[in-house]
Protein chains: 4
Amino acid sequence: MKKIEPHLSEKTFRGKLFRVIYESGTIGGKLFNVTLISCIVISVLIVSLDSIESVSIRYGKALLYAEWVITILFSIEFALRITCVKKPLKYLFSFMGLVDLLSILPLYLSFFFTGTKYFVVIRTFRILRIFRILKMWNFVEASHQLTKALYISSIKIGVFILFLLVLVVIIGSLMHLIEGGKHGFDSIPHSIYWAIVTLTTVGYGDIAPKTPAGRLFASVIMLLGYGIIAVPTGIVTAELVKFTKIPHAKSVHSCPSCGKEGHDTDAHFCKFCGEKL
Amino acid sequence: MKKIEPHLSEKTFRGKLFRVIYESGTIGGKLFNVTLISCIVISVLIVSLDSIESVSIRYGKALLYAEWVITILFSIEFALRITCVKKPLKYLFSFMGLVDLLSILPLYLSFFFTGTKYFVVIRTFRILRIFRILKMWNFVEASHQLTKALYISSIKIGVFILFLLVLVVIIGSLMHLIEGGKHGFDSIPHSIYWAIVTLTTVGYGDIAPKTPAGRLFASVIMLLGYGIIAVPTGIVTAELVKFTKIPHAKSVHSCPSCGKEGHDTDAHFCKFCGEKL
Amino acid sequence: MKKIEPHLSEKTFRGKLFRVIYESGTIGGKLFNVTLISCIVISVLIVSLDSIESVSIRYGKALLYAEWVITILFSIEFALRITCVKKPLKYLFSFMGLVDLLSILPLYLSFFFTGTKYFVVIRTFRILRIFRILKMWNFVEASHQLTKALYISSIKIGVFILFLLVLVVIIGSLMHLIEGGKHGFDSIPHSIYWAIVTLTTVGYGDIAPKTPAGRLFASVIMLLGYGIIAVPTGIVTAELVKFTKIPHAKSVHSCPSCGKEGHDTDAHFCKFCGEKL
Amino acid sequence: MKKIEPHLSEKTFRGKLFRVIYESGTIGGKLFNVTLISCIVISVLIVSLDSIESVSIRYGKALLYAEWVITILFSIEFALRITCVKKPLKYLFSFMGLVDLLSILPLYLSFFFTGTKYFVVIRTFRILRIFRILKMWNFVEASHQLTKALYISSIKIGVFILFLLVLVVIIGSLMHLIEGGKHGFDSIPHSIYWAIVTLTTVGYGDIAPKTPAGRLFASVIMLLGYGIIAVPTGIVTAELVKFTKIPHAKSVHSCPSCGKEGHDTDAHFCKFCGEKL
């Protein structure tokens with residue numbers, strides 16, 4: 001977003017506003033961000049609590065009021081963003097723009113059609129606000145390396161998951177045959193679901209082999225998956241290791257005659273000029 | 001397969017065909033592969049849906065028709081492959097040849113003997129087509145490194161799994177004694193199955209220790225497995241790290257004449273302009 | 001703690017005491033530490049056994065006596081610590097000081113108010129003594145590297161967990177909608193709990209998707225988590241790799257005069273005898 | 001064992017025998033080992049099958065006969081080992097000697113006292129034969145690196161598990177309080193068992209938090225364990241990485257004037273003599 005308006009005039013109100021909203025460097029910006037994050041966290045808590053029946057029955061009213069306050073705050077923020085951005089439409093149809101809109105609309109819509117089953121779904125859109133926090137992401141220093149390593153690995157991990165998908169389809173259909181469509185393996189999709197649950201070592205246990213053959217096969221799969229789980233880890237680690245410079249076991253003393261460094265710890269003579277160390 | 005016919009004459013129909021089917025480089029080849037993959041995915045979906053009782057009852061007919069279309073397409077492909085390959089028999093008895101055959105036969109066989117219990121098994125062979133996707137594997141660039149790392153590690157992981165097998169047999173029989181053949185540990189094989197489920201951290205929970213002694217032993221096993229799970233990961237990672245070039249520790253001093261940096265700590269002359277450092 | 005009193009006079013009793021309690025180097029110190037650890041382990045066992053109803057009913061009395069012995073020993077230790085430390089208050093309000101106090105108080109308090117529900121909670125504070133073992137931590141050589149690697153990674157892992165939290169909130173609320181608030185996904189917090197259980201591959205199975213859509217989504221999450229679990233491992237490993245010195249590629253040629261090997265590829269003179277290579 | 005009798009005279013029968021039994025290099029030795037391993041595998045299968053009630057009822061007799069054959073074979077082997085080893089007693093009281101004895105005795109003992117409850121336990125000792133396979137271990141080339149890496153890491157992993165034990169005790173007792181001794185958290189040991197099951201991501205689900213507070217705490221533990229599980233992996237990987245020499249990005253061309261190698265791929269001039277490359 002920073003790019004939209006790089007050198008906006010210092011004087012105008014829009015300029016000041018822009019700097020506060022989009023430039024986290026300034027004091028105003030920091031303050032703005034902190035407030036925003038806390039508002040998001042609060043709103044997420046409200047939505048979550050609201051989803052608990054017992055709570056929503058007792059504190060429903062209080063939550064609604066709180067929701068109103070939050071929503072109005074977000075509406076103001078939304079309005080401000082549109083005013084100070086150069087290309088309002090561009091922002092409006094950007095991912096974040098839509099998130100912002102979707103997260104404030106529900107409550108307003110609640111005037112027109114209420115109590116409808118689908119409305120619960122719409123209201124939950126408010127949780128989308130949390131995406132904003134992901135936007136703060138780039139402000140966190142440590143995240144860069146992670147993101148980079150993940151980005152580089154993403155292709156390899158993608159290929160790996162593709163390979164995994166083929167594997168689970170085969171395992172799933174085999175298991176469907178072995179267990180004879182019983183014990184939860186009643187269809188290939190369910191068996192594939194089991195295969196994924198097993199290979200990823202999640203292992204809910206809602207579906208588990210009962211027949212000896214099935215358990216034998218499952219054991220093989222698990223041992224196999226044991227080796228397979230190593231792959232994504234290996235990929236990401238290998239990428240992360242790249243970023244860490246590995247120190248060689250070198251002595252810190254430089255040669256007395258030629259003053260060169262980088263001698264092995266077991267060196268008696270300078271490897272460059274042959275002088276006694 | 002590419003090897004079978006390296007420089008087949010450009011003019012003949014067989015030659016053109018061969019290039020389309022076996023050479024993914026050409027436009028025709030690309031088109032062919034994309035169509036093939038989508039056909040495979042569709043057929044896999046059909047088989048999967050077909051295995052869901054509720055679906056097969058309602059949409060059984062539609063699925064059968066779709067299956068027919070797909071099967072005919074695969075039959076044509078199969079015929080073409082045989083015609084254009086130099087050694088049809090060699091292809092026919094290759095792994096992929098058998099897969100192709102096994103994946104089209106079932107439907108044709110359905111004329112002669114139907115509704116038999118075993119027939120369900122045979123029909124599921126159609127899912128084998130998915131192996132074809134694994135053949136496309138080599139076309140994916142990123143896969144090479146993975147395959148190589150896995151191939152190199154395969155022996156070590158094999159040895160490791162062998163070691164694991166011995167371990168689970170011992171753990172299993174001990175657990176069978178400790179739990180006194182109760183709580184699902186009713187036989188050594190079942191206890192071994194439990195041991196595998198536990199050591200691989202899958203942990204279905206369909207079998208779990210109930211006695212204090214059993215739980216204590218299980219806890220030890222889990223903590224032990226906690227350290228053991230690290231091994232395959234370590235193996236694969238170590239192999240993958242090999243492929244990643246780790247930046248060498250460089251001197252911080254820049255060249256006095258050209259000002260370039262990134263010289264080795266032991267360099268006497270600038271590697272860019274040849275000036276004395 | 002060692003810092004509090006670096007060069008306390010050798011002669012005074014307090015000085016001797018201080019050396020015994022806080023300096024693990026001396027024989028007295030070693031003895032003291034060993035006794036302390038064993039006391040802690042015993043007291044932890046007592047508290048644990050005491051919490052098992054069947055045991056506490058039968059051996060309640062014996063456990064109480066044992067508890068008394070242990071508590072008195074700890075009280076003495078506590079008294080000694082206060083006497084020999086230069087700034088008793090500073091120690092008293094340090095984390096360890098509070099732990100020591102909290103771990104001996106409960107039993108004494110048991111005179112005044114007993115049998116109260118909250119008292120069980122207070123008594124369990126005795127288990128806090130185990131923190132003392134963590135204090136011995138620094139005395140274990142091998143732990144340094146671990147602690148350091150963990151400390152360095154802690155920030156990155158923190159950021160990663162923050163990212164994870166945002167992820168599970170989104171996954172949770174989506175799952176809450178997909179499963180329609182049934183099958184244990186009755187509220188967003190519960191669904192978030194499920195998301196965490198799944199992403200960490202713990203997979204209790206107390207909450208598991210039942211609807212096809214839910215299972216499909218869960219499968220995606222698991223495969224996703226499969227790649228994600230690699231990240232913390234990668235981070236810590238990368239840090240630990242830093243500490244391991246990787247053997248530098250060495251020249252295969254041995255010194256012509258002394259015949260020793262292991263020279264750097266860029267060495268001009270033998271690092272052992274100083275001869276020209 | 002090889003050590004016991006390094007250069008035993010070629011001629012004597014004992015010498016020949018020794019070579020066959022203890023030296024896997026000779027053809028006789030290879031043959032002997034293969035037979036031994038297959039016998040072990042068979043006997044393990046017998047014991048396992050024997051433990052399955054339905055099987056032991058139907059095929060009990062057949063299994064007993066097979067067991068007899070195997071046991072006699074092992075008895076002969078045992079006798080031969082004693083005869084050809086220089087120090088029979090030393091062998092007899094070595095770990096492997098005891099394993100050999102324990103694995104053949106049960107059946108012979110079955111003459112004297114049968115059907116006793118403890119006898120089942122004794123019979124299961126036969127499974128100990130599998131330890132023999134671990135003895136073959138050293139013959140497997142690839143295992144060396146693994147064993148070495150594990151041996152080096154063992155101390156660190158030990159320290160780590162110690163740290164884990166302290167952690168699970170604290171987590172367990174806290175969870176015992178939070179869940180109020182309900183939902184399987186009825187005692188601290190059980191809660192500790194749960195903590196281990198959770199931290200190792202095994203997650204049986206036989207014990208799982210039900211209260212909101214408990215689930216919240218469990219979530220924290222899981223995310224925490226998510227980072228912790230990385231540690232053992234990191235340790236082993238770091239050790240394994242040591243064994244892999246990481247290639248530096250160096251040009252293979254040597255300097256035309258001084259002939260030195262090890263120039264960076266981007267070097268234009270020799271870093272040693274400053275000549276144009």
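Just so we're on the same page: letters track the sequence lines, and every chain starts at 1.
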Q: Please look at B:Ile161 and chain A and tell me whether the side chain, the backbone, both or neither of the residue comes under 4.5 angstrom of a heavy atom of that chain.
A: side chain
Q: Given heavy-atom pairs under 4.5 angstrom as the criterion, report whether the side chain, backbone, both or neither of A:Pro212 touches chain B.
A: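 For A:Pro212, no heavy atom lies under 4.5 Å from chain B.
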Q: I need the single residue from B:Leu199, B:Ile157, B:Val168, B:Leu165 that forms a side chain to side chain contact (heavy atoms under 4.5 Å, CB included) with A:Leu223. Which is it?
A: B:Leu165
Q: To the nearest 0.5 Å, what is the distance between CG (A:Asp206) and CG (B:Asp206)?
A: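 A:Asp206 CG to B:Asp206 CG: 11.0 Å, rounded to 0.5 Å.
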Q: Do A:Ile207 and B:Tyr204 make a side-chain contact, defined as non-hydrogen atoms from C-beta onward lying under 4.5 Å apart?
A: no
Q: Evaluate the side-chain contact (heavy atoms from CB on, under 4.5 Å) criterion for residues B:Tyr193 and A:Leu216: first the C-alpha distance (whole Å), next the side-chain angles of each, then the deciding distance (0.1 Å), finally the verdict.
A: CA-CA 7 Å; B:Tyr193 167 72; A:Leu216 183 65; over 6 Å; no
Q: Would you give the length of the straight line joining atom NE2 of A:His176 to atom OG of B:Ser48, rounded to the nearest 0.5 angstrom?
A: 9.5 Å
Q: Could you tell me which of A:Pro232, A:Pro189, A:Ala208 has the largest number of non-hydrogen atom pairs under 4.5 Å with chain B?
A: A:Pro189
Q: Which distance, rounded to the nearest 0.5 Å, do you find between the CE of A:Met222 and the OG1 of B:Thr201?
A: 10.5 Å
Q: Under the rule for side chain to side chain contact (heavy atoms under 4.5 Å, CB included), what residues qualify as partners of B:Val47, not counting sequence neighbours?
A: A:Ile188, B:Arg126, B:Ile127
Q: Mind checking whether B:Glu53 and A:Asp186 have side chains closer than 4.5 Å, heavy atoms only?
A: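 Result no, sub-4.5 Å side-chain heavy-atom pair not found.
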Q: Looking at chain A, which one of B:Thr200, B:Thr233, B:Ile196 has the largest number of heavy-atom pairs inside 4.5 Å, strictly under?
A: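 It is B:Thr200.
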Q: Taking atom OH of B:Tyr59 as the centre, report whether more than 12 heavy atoms of other residues, nucleotides or ligands fall under 6.0 Å from it.
A: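 Atom OH in B:Tyr59 is not packed in, count stays at 12 or less.
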Q: Quick check on A:Val202 against chain B: is it the side chain, the backbone, both or neither that has a heavy atom closer than 4.5 Å?
A: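 Just its backbone gets close to chain B.
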Q: Considering only heavy atoms, which portion of B:Leu45 lies under 4.5 Å from any heavy atom of chain A: side chain, backbone, both, or neither?
A: neither
Q: What part of A:Ile235 gets closer than 4.5 Å to chain B, counting heavy atoms only: side chain, backbone, both or neither?
A: both
Q: As a quick check of understanding, evaluate side-chain contact (heavy atoms from CB on, under 4.5 Å) for A:Arg215 and B:Val197, giving each step before the final call.
A: CA-CA 10 Å; A:Arg215 286 183 162 179; B:Val197 169; over 6 Å; no
